[in-house]
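Being a predicted model, the structure only gives us computed values, none of them experimental. Counting convention: from 1, in listed order, for ligands and their atoms alike. This chain uses plain numbering: 1 for the first residue, then up along the sequence.
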Amino acid sequence: MLSFYSKAISPRINFKSIAAFSTLQEQDLKYFRSILEPHEIVTEPSELEKFNTDWMKKYVGYSKLALKPNTSQKVSSILKYCNSKNLKIVPQGGNTGLVGGSVPLKDEIVLSLTNMNKILGFSENLGVVSVEAGCVLDSINQFLLKYGSEVPLDLGAKGSCCIGGNIATNAGGIRFVKFGPFRASILGLEVVLPSGEILNLESEIRKDNTGFDLKQLFIGSEGTLGVITKANILTSKLDKFRQVLFMRADSFEKVLKIHNLIKQYAGKNLAALEYLDEHAYYTVAEQLPQLHKPFAATSDKNKFYVLTELAGSERLESIVESLYQALDENKLIEDCVLSENEAQLKDLWEIRENVSLAATQKGLVFKYDVSLSIEKFNEIIEKVRQRAGSLGDTLGYGHIGDGNLHINVICFDKKQKKQMEEILEPYVLEEISAIKGSISAEHGLGSQKAKFIHLAKDKNTIELMRQVKKIFDPNNILNPGKVIPG
Ligand code: FAD
Ligand code: MLT
Ligand code: ZN
């Protein structure tokens with residue numbers, strides 16, 4: 001069966017200095033020691049490494065202090081103190097973010113929420129789970145199993161990302177096509193503001209039209225407006241039946257037709273609709289040979305893959321059969337594998353969920369998480385591939401069911417990092433902006449794309465965003481340099 005893998009190491013990217021950062025003093029440490037337990041304070045350089053380095057090992061800060069409070073009150077005291085001393089601070093959950101948002105740019109203090117990991121309760125009648133922000137997504141789902149419920153969000157990082165991070169990024173993931181945006185399932189939040197004020201926006205009710213819905217401002221704000229400490233989430237019922245089909249086609253035009261047929265036949269049973277090109281599939285096959293693969297990877301780069309999951313409370317055989325027949329009659333697929341049990345379903349998903357890891361293992365990855373018309377998916381991939389030339393390999397994959405493409409360019413020679421960056425940025429984002437796509441579909445802007453926000457928002461909108469930031473964080477202590485350029 002499958003074995004586990006280790007994470008790869010790629011080189012660090014240095015950032016230019018950011019002005020007006022106060023430096024941590026002994027008296028600051030003294031204060032933090034007076035309000036926190038010793039195990040909630042990390043100063044040991046070897047222990048700090050994981051807080052300073054992102055999942056891709058691409059963004060690296062040099063914080064000298066990570067704080068891991070276990071109550072909202074402690075978070076409040078930390079922020080109040082940092083605000084009074086102009087000490088900058090970076091909220092961090094599972095540190096699986098892919099845009100450099102969760103690690104310091106310089107020596108900001110890291111505020112890890114991982115010790116706030118209590119499940120506070122589940123209301124069976126309302127289907128609402130209340131949790132602290134540091135709960136790992138998977139562990140909430142383990143807890144919900146006995147109620148036959150789940151959090152309406154699923155992503156490859158579910159074993160390590162925290163719910164606070166998921167909310168702060170408004171994460172998308174592989175079930176978006178079924179559940180819609182995560183923000184729609186967040187009924188309430190507790191947020192600590194940079195001033196230290198604990199803002200109680202908690203709620204378990206679904207319908208509430210009483211003035212501005214302030215919690216929405218914090219959802220997707222990537223830790224720049226407040227620290228999310230608690231959440232009330234509307235759960236979904238687990239599906240009784242699930243079936244995955246993994247298929248291969250010999251042209252992208254056929255992928256579009258497959259996409260349409262799947263949506264037509266699956267209807268409300270559509271649970272996921274994902275896409276990979278041969279470059280992505282090949283990279284997984286090459287880098288993670290231990291994974292169980294449905295088809296041998298080929299040297300013919302004109303192959304494309306679609307993974308779909310159908311789910312529901314009734315048996316799915318007849319829908320799957322009709323769908324397969326339609327695909328076959330229209331000569332759209334070369335091969336198709338159908339999961340026959342839970343283990344096979346998991347194996348098929350592992351291929352798709354591990355593209356990111358496989359790419360990171362192969363070299364330094366330049367990631368572009370974009371939304372655009374699905375008709376243009378392969379066209380933009382080919383353009384980027386041509387532009388990168390022999391400097392790297394371009395992989396195309398993503399959530400085709402909701403129009404979200406992941407363009408990953410693997411730079412083989414780390415010495416050519418700068419050259420590659422100049423070739424790709426802002427080129428890729430400008431191309432997407434020109435066709436009215438989104439330069440960040442689900443990962444956020446972080447530090448990678450903050451400087452390109454003008455490609456996504458007009459001047460007035462950016463100015464309003466700055467003013468909103470000023471209301472909540474007048475001293476710019478919270479995650480400076482992220483989302484909105486400094
Ligand atoms: P972190 O990485 O720790 O932080 C992310 C951002 O949120 C940072 O800006 C941070 O400052 C802020 N933040 C964290 N916690 C808080 C808090 N409590 N209060 C305020 N701000 C906070 N993303 C998707 O959208 N869809 C996917 O399909 C997907 N798949 C992934 C697969 C893999 C293998 C990996 C490594 C990542 C994937 N991601 C995906 C990206 C990432 O997992 C998500 O962005 C996730 O929501 C981040 O959660 P986290 O707890 O790791 O947050
Ligand atoms: C995915 O869909 O696999 C994630 O968003 C991670 C990535 O973009 O690589
Ligand atoms: Zn994704």
Side-chain angles (χ1 to χ4, degrees), residues 5 7 50-51 54-56 59 69 72 75 79 89-104 108 110-114 116 131-137 153-176 181-182 189-194 218-231 272 274-276 280 283-284 349 351-360 365 367-371 395-400 402 404-408 440-448 450 478-483:
Y5 42 77
K7 289 174 183 169
K50 70 171 194 221
F51 297 98
D54 81 320
W55 184 85
M56 299 179 286
Y59 299 96
S72 307
V75 173
L79 289 183
I89 192 151
V90 179
Q92 190 179 90
N95 198 11
T96 64
L98 298 171
V99 287
S102 54
V103 293
E108 302 94 294
V110 174
L111 178 65
S112 167
L113 277 299
T114 49
M116 289 196 64
V131 291
E132 288 186 336
C135 289
V136 170
L137 176 58
L153 173 73
D154 192 1
L155 62 163
K158 54 185 164 261
S160 24
C161 62
C162 296
I163 200 74
N166 299 146
I167 297 169
T169 55
N170 187 30
I174 52 188
R175 309 271 167 208
F176 190 100
F182 194 39
L189 288 182
E190 180 189 82
V191 180
V192 183
L193 300 180
F218 298 98
I219 304 171
S221 69
E222 302 179 57
T224 58
L225 299 180
V227 176
I228 296 162
T229 41
K230 288 178 192 160
E274 299 285 313
Y275 155 76
L276 299 88
T283 305
V284 176
W349 263 118
I351 313 265
R352 166 61 189 88
E353 290 186 331
N354 279 297
V355 181
S356 198
L357 178 77
T360 307
V365 184
K367 276 184 176 286
Y368 304 99
D369 152 46
V370 297
S371 270
L395 322 185
Y397 62 99
H399 317 287
I400 194 167
D402 54 60
N404 180 184
L405 175 67
H406 295 308
I407 308 171
N408 280 19
S440 180
E442 59 173 9
H443 295 163
L445 295 171
S447 61
Q448 183 203 6
L478 211 51
N479 227 355
K482 316 288 171 62
V483 181

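Using 4.0 Å as the threshold, M56 has no heavy atom nearer than that to any atom of ligand 1. L357 does not count as a contact of ligand 1, since none of its heavy atoms falls under 4.0 Å from the ligand. The closest approach between G172 and ligand 1 falls below 4.0 Å for a heavy atom of the residue. A heavy-atom separation below 4.0 Å is found between G226 and ligand 1.
Considering both main-chain and side-chain atoms, S356 never comes within under 3.5 Å of ligand 1 through any nitrogen or oxygen pair. The shortest N/O to N/O separation between C162 and ligand 1 falls below 3.5 Å. At under 3.5 Å, not a single nitrogen or oxygen of W55, backbone or side chain, sits near a nitrogen or oxygen of ligand 1. Looking at ligand 1, you'll find an N or O of N166 within less than 3.5 Å of one of its N or O atoms. The shortest N or O to N or O distance between T169 and ligand 1 is below 3.5 Å. Taking distance alone, with nitrogen or oxygen atoms compared against 3.5 Å, G93 approaches ligand 1 more closely than that limit. Backbone and side-chain nitrogen or oxygen atoms of L113 are examined, and none is located within less than 3.5 angstrom of a nitrogen or oxygen of ligand 1. When only interatomic distances are considered, the shortest N/O to N/O separation between S160 and ligand 1 does not fall below 3.5 Å.
Here the straight-line distance linking atom CG of L111 with atom CZ of F51 works out to 10.5 Å at 0.5 Å rounding. Between atom CG of residue L395 and atom CD1 of residue I407 there is a gap of 11.0 Å, rounded to the nearest 0.5 Å. Taken from OG in S356 to CG in N408, the straight-line distance is 6.0 Å, to the nearest 0.5 Å. Atom CG of L137 and atom CG of L155 lie 6.0 Å apart (nearest 0.5 Å). Taking CG of N479 as the start and OG of S221 as the end, the distance is 9.0 Å to the nearest 0.5 Å. Atom CH2 of residue W55 and atom OG1 of residue T96 lie 9.0 Å apart, to the nearest 0.5 angstrom.
Among all protein heavy atoms, the one lying closest to atom 19 (N) of ligand 1 is I228 N, 2.9 Å. With hydrogens left out, the protein atom closest to atom 35 (C) of ligand 1 is A157 CB, 3.6 Å, a heavy atom. Annotation: atom 50 (P) of ligand 1 to nearest protein heavy atom, G94 N, 3.5 Å. Closest to atom 43 (O) of ligand 1 among all protein heavy atoms lies T96 OG1, 2.7 Å. With hydrogens left out, the protein atom closest to atom 9 (O) of ligand 1 is E222 O, 3.1 Å, a heavy atom. If you check which protein heavy atom lies closest to atom 21 (N) of ligand 1, you get G223 CA, 3.2 Å. Ranking the protein heavy atoms by distance from atom 10 (C) of ligand 1 puts P91 O, 3.1 Å first. Of all protein heavy atoms, the one closest to atom 23 (N) of ligand 1 is H443 CD2, 3.5 Å.
Taking a cut-off of under 4.0 Å to the non-hydrogen atoms of L98, the atoms of ligand 2 that pass are 6 (C), 7 (C). Here is the list of ligand 2 atoms found below 4.0 Å of a heavy atom in R352: 1 (C), 2 (O), 3 (O). Atoms of ligand 1 found under 4.0 Å from any heavy atom of N479, numbered from 1 in the order shown, are 9 (O), 11 (O). Of all the atoms in ligand 2, the ones that sit under 4.0 Å from a non-hydrogen atom of K367 are 7 (C), 8 (O), 9 (O). Within ligand 2, counting atoms from 1 as listed, the ones closer than 4.0 Å to a heavy atom of Y397 are 3 (O), 7 (C), 8 (O), 9 (O). Taking a cut-off of under 4.0 Å to the non-hydrogen atoms of A171, the atoms of ligand 1 that pass are 25 (O), 47 (O). Of all the atoms in ligand 1, the ones that sit under 4.0 Å from a non-hydrogen atom of V227 are 19 (N), 20 (C). When each atom of ligand 1 is checked for a heavy atom of H399 under 4.0 Å away, the hits are 28 (O). Those atoms of ligand 2 with a heavy atom of H399 less than 4.0 angstrom away are 2 (O). Heavy-atom contacts of H406 reach the following atoms of ligand 2: 1 (C), 2 (O), 4 (C), 5 (O), 8 (O) (cutoff under 4.0 Å).
Checking each of V355, L98, V365 against T360 for a side chain to side chain contact (heavy atoms under 4.5 Å, CB included) leaves exactly one that passes, namely V365.
At least one N/O/S atom of H406, from backbone or side chain, sits under 2.8 Å from the Zn ion (ligand 3).
Using modelled atom types, one finds a donor on one side chain and an acceptor on the other under 3.5 Å when comparing H399 with E442. At a cut-off of 3.5 Å, with distance as the only test, a side-chain donor of S72 or E190 sits close to an acceptor on the other residue. Using modelled atom types, one finds a donor on one side chain and an acceptor on the other under 3.5 Å when comparing D369 with N404.
Under the 4.5 Å side-chain criterion, counting only non-hydrogen atoms from C-beta, F182 is in contact with I167. The side-chain heavy atoms of V99 and D54, taken from C-beta on, include no pair separated by under 4.5 Å. Contact check for I400 versus L405: no side-chain heavy atoms found under the 4.5 Å cut-off.
Nearest residue to atom 12 (C) of ligand 1 from A133, A168, C135 is A168 (criterion: closest heavy atom). Closest to atom 8 (O) of ligand 2 by heavy atom, among E274, H443, E442, is H443. In this comparison of C161, G165, S440, the heavy atom closest to atom 53 (O) of ligand 1 sits on G165. Summarising the contacts of atom 29 (C) of ligand 1 with L98, N404, I167, L155, the nearest heavy atom is found in L155.
Looking at K482 against ligand 1, nothing comes within 4.0 Å, counting heavy atoms. If you look at E353 next to ligand 2, there are no close heavy atoms at all, none under 4.0 Å. Looking at T229 against ligand 1, nothing comes within 4.0 Å, counting heavy atoms.
Within E442, the N, O or S atom at minimum distance from the Zn ion (ligand 3) carries the name OE2.
Checked by atom type and distance alone, the side chain of E222 pairs as donor or acceptor with a backbone atom of L445 at under 3.5 Å. A donor-acceptor pair under 3.5 Å is absent between the side-chain atoms of S447 and the main chain of G101, judged by distance alone.
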